[in-house]
Structures are given as structure tokens and as C-alpha cells.
Amino acid sequence: MKLSLPAPDFRSYLRRQFDAAFPDNVADDLDAAISEALLRTSVCFSKVALRGYSIDGEAYLNHLHGDQMAVFLYYLSNAAHHNDDRSLAQKAMLLNKSHNGIVITYDTTLPDHMLLIHTVGTTLGKGTYGDYFVATQNVTVGSHRGEAPVFGEGVILYPGSMVAGRCKFGDRTRVAAGSVVLDMECASGSLLSGAHPGVTVKHSTRITLNDYFTPTD
């Protein structure tokens with residue numbers, strides 16, 4: 001994977017960010033979490049079709065690209081969580097929140113391929129997220145009465161949409177801007193619009209996912 005800074009400088013840059021934001025002198029294994037997060041970020045970006053996510057066919061991470069760093073910092077927090085380093089997991093989650101305006105708890109499981117676009121105001125809570133997931137600005141995903149959404153592959157949540165509760169979306173479902181969906185199931189290829197309980201469901205044959213990722217077939 002290519003980086004906008006030489007690899008040692010990128011690691012040093014992150015260490016200085018963590019030390020400045022959290023000057024608590026708590027020991028952590030940031031290097032191990034960075035290595036795992038870079039690997040997962042490389043896998044993720046290798047399928048992204050948007051400009052700036054690859055250079056000469058190789059995945060690329062720019063430390064000054066907020067959307068890219070939001071993905072990396074999520075993977076970093078999740079890696080620390082799996083390494084039983086709760087302090088580092090929390091710090092990475094909070095750094096993502098303060099720098100990119102997005103809230104993703106470190107124990108939330110996001111897929112190998114995803115896009116977080118214009119991340120401000122987005123909260124991705126408990127749920128089952130299928131591969132090739134796309135969330136745009138001011139999106140909310142959360143539980144309701146102990147139930148959390150289940151998303152198939154290629155789900156796209158457009159700006160200001162909210163999905164909560166016992167939802168089950170088929171592959172390539174899209175949720176229109178400003179829609180509020182609660183406790184609802186829909187088939188693959190659905191386009192949801194409106195607010196609960198008046199959500200409208202239409203079927204769409206357009207493969208919108210190809211706007212964001214290279215074809216998976």
C-alpha cells in the first residue's frame with residue numbers, strides 16, 4: 001500500500017497525534033495496531049473506484065484525506081480492540097470522532113470493503129454490515145428495543161438517513177436522503193424513501209454500487 005508520507009513518518013505522525021490528544025502516558029502497542037489497520041485499509045481501498053484511493057493500481061492512503069483516515073482509524077480502533085488494548089481502541093475511536101465527526105465504536109464490526117463519505121454527523125452503531133457498505137454524511141444506524149439492523153451486500157445509505165431496529169435489507173438496497181426506516185424488511189435491489197411508518201419501497205435495477213467500487217463479478 002502507498003502512503004502520502006514515508007512509512008516511518010506516517011507512524012510518527014500518528015504517535016504524535018495520539019500523544020497530543022491523550023497525554024496520559026498509558027503504554028500501548030500502537031505499532032501493532034497500525035500494521036493491522038494498514039493491511040485492512042489496503043484491502044478495502046483496493047476495490048474503491050473513486051479517484052484518490054489508488055495510485056498506479058495500488059491502494060493509497062492520504063493522511064490529509066478525512067474520509068480515508070476515517071476508515072483507517074476505525075480499522076485501527078477495531079484492531080486494538082481485538083488485541084485487548086481497550087485504551088488504544090477508545091483513543092482511536094475518539095480521535096476519529098474529533099477529527100472526522102464520525103462515531104463508530106471499536107467493537108462494531110464493519111466489512112472488508114466499505115466507503116465512508118463526508119463523514120460528519122454519522123454514527124454507525126450495532127448491526128450486521130454486509131460487504132461493500134457505503135455510508136454518507138449524517139447517517140445513523142442503531143438498535144431499537146434490543147434489535148439491530150442486518151444489511152446485505154452493497155447497501156448504500158444516503159445523507160441524513162436513519163436505520164434502526166429489526167431491519168433486514170437485501171443486497172444492493174439503497175436508503176434515500178433524509179429517510180427514517182424502523183423495523184422493516186426489504187428484498188434485494190430495493191430503494192427506500194420517506195419516514196417511518198410511511199416508507200415507500202421501489203425496486204431498482206440500476207447497479208449504483210459500481211459508482212463506488214470496481215465490479216465484484
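Residues take their numbers from the sequence shown, with the count starting at 1. This is a predicted model, so every value here is computed, not measured.
Pairing each heavy atom of Tyr53 with each of Asp67, the nearest pair is OH-CB, 3.7 Å. Between Ala176 and Ser161, the shortest heavy-atom distance links the atoms O-CB, 3.7 Å. Residues Leu95 and Ser98 come closest through the heavy atom pair O-OG, 3.1 Å. Minimum heavy-atom separation, Thr214 to Ala49: N-CB, 3.9 Å. Minimum interatomic distance between Ala79 and Ala33 (heavy atoms only, all atoms of both residues): CB-O, 4.1 Å. Here the closest non-hydrogen pair linking Gly189 and His203 is O-ND1, 3.5 Å.
Contact of the Phe151 side chain with the Val141 side chain is registered, since non-hydrogen atoms from C-beta on lie closer than 4.5 Å. Using a 4.5 Å heavy-atom threshold, the side chains of Ser4 and Gln68 count as separate. Using a 4.5 Å heavy-atom threshold, the side chains of Tyr212 and Val48 count as separate. In this structure the side chain of Thr136 never reaches within 4.5 angstrom of the side chain of Leu157, judged on heavy atoms. Val199 is listed as a side-chain neighbour of Met184, based on a closest heavy-atom distance under 4.5 Å.
The CG atom of Asp211 sits 7.5 Å away from atom CD1 of Ile156, with the distance rounded to the nearest 0.5 Å. We find the NZ-OG distance between Lys97 and Ser77 to be 13.5 Å, quoted to the nearest 0.5 Å. Separation of atoms CG (Leu76) and CE (Met69) is listed at 8.5 Å; rounding is to 0.5 Å. We find the CZ-CE distance between Phe45 and Met114 to be 8.0 Å, quoted to the nearest 0.5 Å. Here the CG atom belonging to Asp19 is positioned 8.0 Å from the CG atom belonging to Asn25, to the nearest 0.5 angstrom. Taking CD from Glu36 and CZ from Arg40, the interatomic distance works out to 6.0 Å, rounded to the nearest 0.5 Å.
Using bins of under 30°, 30° to 60° and over 60° for the plane-to-plane angle, the ring pair His113/Tyr132 lands in the parallel bin. Aromatic ring pairs are classed by plane angle as parallel below 30°, tilted from 30° to 60° and perpendicular above 60°; the pair Phe18 and Phe22 is tilted. Ring planes of Tyr106 and His81: tilted class, angle from 30 to 60°.
Counted by atom type alone, Arg174 and Ser190 present zero donor-acceptor pairs between their side chains at under 3.5 Å. With hydrogens and angles left out, the side-chain atoms of Thr119 and Thr122 include no donor and acceptor closer than 3.5 Å.
Linking ILVMFWY residues whenever their side-chain heavy atoms come closer than 4.5 Å, directly or via other members, leaves Tyr60 and Val71 in distinct clusters. Phe133 and Leu191 fall into different hydrophobic clusters, defined by Ile, Leu, Val, Met, Phe, Trp and Tyr side-chain heavy atoms under 4.5 Å apart, directly or through other members. Neither Val103 nor Leu94 shares a network with the other; the hydrophobic side chains, linked directly or stepwise wherever heavy atoms of I, L, V, M, F, W or Y lie under 4.5 Å apart, form separate groups for each. Val150 is not connected to Val163 by any chain of hydrophobic side-chain contacts under 4.5 Å among Ile, Leu, Val, Met, Phe, Trp and Tyr, and they are in different clusters. Both Val139 and Tyr158 are members of a single hydrophobic cluster when ILVMFWY side chains are connected at heavy-atom separations under 4.5 Å.
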I would like to know whether Leu3 and Leu38 meet side chain to side chain contact (heavy atoms under 4.5 Å, CB included); could you show each step before the answer? CA-CA 10 Å; Leu3 301 173; Leu38 284 174; 3.8 Å; yes
Side chain to side chain contact (heavy atoms under 4.5 Å, CB included) between Arg172 and Val155, worked out: CA-CA 5 Å; Arg172 304 180 311 282; Val155 169; over 6 Å; no
Between Ser42 and Lys2, is the side chain to side chain contact (heavy atoms under 4.5 Å, CB included) condition met? List the steps. CA-CA 9 Å; Ser42 178; Lys2 293 185 178 181; over 6 Å; no
Give the intermediate values and the outcome of salt bridge (Lys or Arg N to Asp or Glu O under 4.0 Å) for residues Lys47 and Asp112. CA-CA 10 Å; Lys47 290 293 187 179; Asp112 292 336; over 6 Å; no
Step by step, work out the side chain to side chain contact (heavy atoms under 4.5 Å, CB included) result for Ile104 and Leu110. CA-CA 9 Å; Ile104 314 172; Leu110 294 182; 3.9 Å; yes
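A donor-acceptor pair is defined here as one N or O able to donate and one able to accept, closer than 3.5 Å; no such pair exists between the side chain of Asn83 and the backbone of Asp85.
Aromatic rings from Phe10 and Phe72 are positioned such that their centres are separated by under 6.0 Å.
Classification of Arg15 and Asp31 as a salt-bridged pair fails, no side-chain N sitting under 4.0 Å from a carboxylate O. A salt bridge links Asp107 with Lys126; the closest basic N to acidic carboxylate O contact falls under 4.0 Å. Ion pairing between Lys91 and Asp24 holds under the 4.0 Å rule for side-chain N and carboxylate O.
Among the candidates Cys186, Cys167, Ser179, the single residue satisfying the side chain to side chain contact (heavy atoms under 4.5 Å, CB included) test with Leu192 is Cys186.
For Lys202, the salt bridge (charged side-chain N to carboxylate O under 4.0 Å, His left out) criterion is met by no residue, not counting sequence neighbours.
Within the structure, salt bridge (charged side-chain N to carboxylate O under 4.0 Å, His left out) contacts touching residues 129-141 (residues at least two apart or in different chains) do not occur.
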